[in-house]
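Below: one structure, written as structure tokens.
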Amino acid sequence: MIFEKKDGEARTRTETQQIAMTAIYDALTYAYMGEPLDVEATLSGLTGEPYEEVDPFLKGTLLSAIRHLPEIVPAFERKMKDWKFQRLDKVEQAILVLAYVHLSYVEKDAPRAAIIDNAVELAKKYLGEGDYRFVNAILDNVLPGKRKG
């Protein structure tokens, strides 16, 4: 899937989030296979742009996800009773990692609620009916910052 820009227009934040989720999905897949991910080829392939022109948010998000995955997975597993992160659907994993990386490493001052809302919207679009509730609940319990309600 290529998320090319339309006639020189900038991508929406939603489109950028979808690309980031897809790139993290690829990174998770390669990690589970024990293979390295070609970051430049992945982002260039998803955006249809030379790597030098890829949005810095996408670069930072993917690189942070790869670098910090060994600490991200346990952060989720500590809040998942009797579940292992790897048992979750890979798209669900990518959405969770994206939200965690976004707030913890890429935009630490971003509104926590907005990041959770973005993740919920991705879950509604790409996961099964009702799975967004798990995404919402686990992110509310895992992401740093003030919890809802």
Side-chain angles (χ1 to χ4, degrees), residues 1-3 5 10-81 83-127 131-149:
M1 180 181 319
I2 298 177
F3 300 88
K5 291 180 183 178
R11 284 187 189 88
T12 65
R13 191 63 166 173
T14 299
E15 290 168 333
T16 303
Q17 292 284 326
Q18 290 171 346
I19 296 169
M21 178 199 70
T22 304
I24 291 171
Y25 175 92
D26 289 351
L28 290 168
T29 301
Y30 275 81
Y32 294 145
M33 294 186 318
E35 298 291 330
L37 177 75
D38 184 334
V39 172
E40 291 184 17
T42 297
L43 290 175
S44 291
L46 288 171
T47 62
E49 301 168 358
Y51 183 73
E52 298 75 31
E53 296 176 20
V54 171
D55 184 324
F57 172 82
L58 292 172
K59 291 177 184 178
T61 300
L62 181 56
L63 292 170
S64 293
I66 293 167
R67 182 176 302 119
H68 296 286
L69 192 60
E71 62 199 59
I72 294 169
V73 170
F76 283 105
E77 287 185 339
R78 283 191 291 275
K79 299 293 183 175
M80 297 167 49
K81 296 178 182 172
W83 274 84
K84 292 289 182 193
F85 190 77
Q86 288 187 345
R87 287 185 60 199
L88 298 175
D89 179 278
K90 294 285 185 284
V91 174
E92 192 166 31
Q93 291 177 29
I95 292 169
L96 295 174
V97 170
L98 170 58
Y100 191 95
V101 166
H102 188 166
L103 186 59
S104 298
Y105 305 107
V106 179
E107 292 184 85
K108 294 179 182 182
D109 59 344
R112 183 179 186 275
I115 290 174
I116 293 173
D117 288 345
N118 288 338
V120 166
E121 289 306 312
L122 288 170
K124 286 179 179 177
K125 183 171 183 173
Y126 292 104
L127 298 176
D131 288 343
Y132 71 90
R133 290 183 189 102
F134 172 78
V135 169
N136 184 45
I138 195 74
L139 289 175
D140 193 40
N141 282 302
V142 172
L143 291 183
K146 187 176 178 186
R147 292 181 61 187
K148 291 180 184 177

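By convention here, the first residue in the shown sequence is residue 1.
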Tell me the closest heavy-atom pair linking [X] and [Y], and the distance in Å.
X	Y	answer
L103	P144	CD2-O, 3.4 Å
V54	E49	CA-OE1, 3.5 Å
I66	A27	CG1-CB, 3.9 Å
T61	A20	CG2-CB, 4.2 Å
Q17	F57	NE2-CZ, 3.6 Å
P74	L69	CD-O, 4.3 Å

Parallel, tilted or perpendicular, judged at 30° and 60°: which one describes the rings of H68 and Y105?
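Judged by the thresholds at 30° and 60°, the geometry between H68 and Y105 is parallel.
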Could you give the distance from [atom1] ([X]) to [atom2] ([Y]), rounded to the nearest 0.5 Å?
X	Y	atom1	atom2	answer
H102	L143	NE2	CG	10.5 Å
E40	K59	CD	NZ	8.0 Å
R67	L62	CZ	CG	10.0 Å
I138	F85	CD1	CZ	9.5 Å
I19	R11	CD1	CZ	4.0 Å
I115	S104	CD1	OG	8.0 Å

Under the ring-ring contact (aromatic ring centres under 6.0 Å, His included) test, which residues partner Y30, sequence neighbours left out?
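Expected list: none.
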Does Q18 form a side chain to side chain contact (heavy atoms under 4.5 Å, CB included) with K125? I'd like the steps, not just the answer.
CA-CA 10 Å; Q18 290 171 346; K125 183 171 183 173; 2.8 Å; yes
Under 3.5 Å: donor-acceptor pair, side chain of N141, backbone of A137
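Side chain of N141 to backbone of A137, a donor-acceptor pair under 3.5 Å: yes, one is there.
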Could you tell me whether the side chain of E53 and the main chain of P50 form a donor-acceptor pair under 3.5 Å?
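A pair under 3.5 Å: no.
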Can you confirm whether more than 12 heavy atoms, excluding those of K79, are under 6.0 Å from its NZ atom?
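No, the 6.0 Å shell around NZ holds no more than 12 heavy atoms from other groups.
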Run the side chain to side chain contact (heavy atoms under 4.5 Å, CB included) test on T42 and Y51 for me, step by step, so that the C-alpha distance in whole Å, both residues' side-chain angles and the decisive distance to 0.1 Å come before the verdict.
CA-CA 9 Å; T42 297; Y51 183 73; over 6 Å; no
So does R13 pair up with E121, basic N to acidic O under 4.0 Å?
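No salt bridge links R13 with E121.
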Pick one: which of V135, V97, L122 meets side-chain contact (heavy atoms from CB on, under 4.5 Å) with E92?
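Of V135, V97, L122, side-chain contact (heavy atoms from CB on, under 4.5 Å) with E92 is met by V135 alone.
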Applying side-chain contact (heavy atoms from CB on, under 4.5 Å) between I24 and each of I95, L96, T29, L98, report the one that passes.
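By the side-chain contact (heavy atoms from CB on, under 4.5 Å) criterion, I24 pairs with just one of I95, L96, T29, L98: L98.
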Any side-chain heavy-atom pair from M80 and L88 closer than 4.5 angstrom?
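Touching, per the 4.5 Å side-chain cut-off.
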